[in-house]
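Here's the structure, in structure tokens; my notes come after.
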Amino acid sequence: MPDTQQTIRSAEFTASRAWGALDIANMNGITVRLHWTDQPYKWHINDGEEVFAVMDGEVDMHYRENGEEHIVRLKSGDIFYAGIGTEHVAHPCGEARILVIEKEGSV
């Protein structure tokens with residue numbers, strides 16, 4: 001992680017595998033990571049809260065609420081907040097770049 005300022009062009013970031021990440025910052029146990037993916041993640045529940053911001057591309061976010069599955073289409077600039085206990089999975093529509101802010105060590 002950098003210890004000084006840096007500029008990141010998220011639209012130019014790629015990774016060698018789906019959900020590959022660039023670690024941007026760790027702020028007292030809260031990580032900020034830029035992910036590139038072209039594949040779905042897996043259903044999961046984070047250890048804490050998660051902020052999921054689509055920087056480039058589109059993502060269908062599937063989440064369960066009261067036992068019912070819902071899907072919301074997130075476009076570039078959209079943000080999804082997963083509170084504690086929110087079961088969710090991201091399905092990119094093609095390539096996507098996503099900024100994720102969450103507790104260090106979350107799934």
Side-chain angles (χ1 to χ4, degrees):
M1 301 221 185
D3 55 0
T4 61
Q5 72 78 34
Q6 79 178 105
T7 300
I8 298 160
R9 306 278 183 216
S10 62
E12 298 170 7
F13 174 68
T14 59
S16 59
R17 60 177 175 79
W19 295 99
L22 171 65
D23 292 322
I24 297 171
N26 186 322
M27 302 173 293
N28 298 317
I30 303 299
T31 61
V32 179
R33 304 177 83 205
L34 178 62
H35 292 271
W36 173 90
T37 191
D38 60 355
Q39 299 293 317
Y41 197 59
K42 60 184 177 182
W43 280 100
H44 66 285
I45 299 173
N46 295 83
D47 295 336
E49 300 161 291
E50 175 183 343
V51 174
F52 183 101
V54 177
M55 306 302 292
D56 186 58
E58 293 186 2
V59 176
D60 283 343
M61 181 61 78
H62 299 240
Y63 64 97
R64 291 190 180 126
E65 192 171 57
N66 300 320
E68 231 180 276
E69 186 174 332
H70 303 274
I71 302 170
V72 62
R73 170 75 45 103
L74 303 171
K75 297 183 179 188
S76 184
D78 290 345
I79 299 168
F80 179 82
Y81 169 76
I84 295 171
T86 302
E87 188 176 12
H88 60 286
V89 61
H91 286 257
C93 306
E95 289 189 22
R97 288 155 183 90
I98 302 137
L99 189 70
V100 177
I101 304 165
E102 64 189 349
K103 181 179 170 185
E104 184 176 16
S106 288
V107 177

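- In this view, Glu50 and Asn46, His88 satisfy the side chain to side chain donor-acceptor pair (under 3.5 Å) rule, not counting sequence neighbours.
- Arg73 meets the side chain to side chain donor-acceptor pair (under 3.5 Å) test with Glu58, Asp60; sequence neighbours excluded.
- Residues passing the ring pair (Phe, Tyr, Trp, His ring centres under 6.0 Å) test with Phe52: none are found, sequence neighbours excluded.
- For His70, the ring pair (Phe, Tyr, Trp, His ring centres under 6.0 Å) partners at least two apart in sequence or on another chain are Tyr63.
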**Message:** If you apply the rule side-chain contact (heavy atoms from CB on, under 4.5 Å), what do you find for Glu69 with Trp43, and how did you get there?
**Reply:** CA-CA 11 Å; Glu69 186 174 332; Trp43 280 100; 3.7 Å; yes
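- Classification of the His62-His91 ring pair by plane angle, with boundaries at 30° and 60°, yields tilted.
- Side chain to side chain, Trp36 and Thr14 fail the donor-acceptor criterion of an N or O pair below 3.5 Å.
- Scored by the salt bridge (Lys or Arg N to Asp or Glu O under 4.0 Å) test, Glu95 finds Arg97 as partners (sequence neighbours excluded).
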**Asked** Is there a side-chain contact (heavy atoms from CB on, under 4.5 Å) between Ile24 and Leu99 once you walk through the steps?
**Response** CA-CA 10 Å; Ile24 297 171; Leu99 189 70; 3.7 Å; yes
**Request:** Could you go through the side-chain contact (heavy atoms from CB on, under 4.5 Å) check for Glu102 and Val51 one step at a time?
**Result:** CA-CA 7 Å; Glu102 64 189 349; Val51 174; over 6 Å; no
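- For the salt bridge (Lys or Arg N to Asp or Glu O under 4.0 Å) test, residues two or more places apart in sequence or in another chain that qualify with Glu87 are Arg64.
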**Working for side-chain contact (heavy atoms from CB on, under 4.5 Å), residues Phe80 and Val54** = CA-CA 8 Å; Phe80 179 82; Val54 177; over 6 Å; no
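- When every heavy atom of Leu34 is checked against every heavy atom of Met55, the shortest pair comes out as CD1-CG, 4.1 Å.
- The same ILVMFWY cluster, assembled from side-chain heavy atoms under 4.5 Å apart, contains both Ile101 and Ile8.
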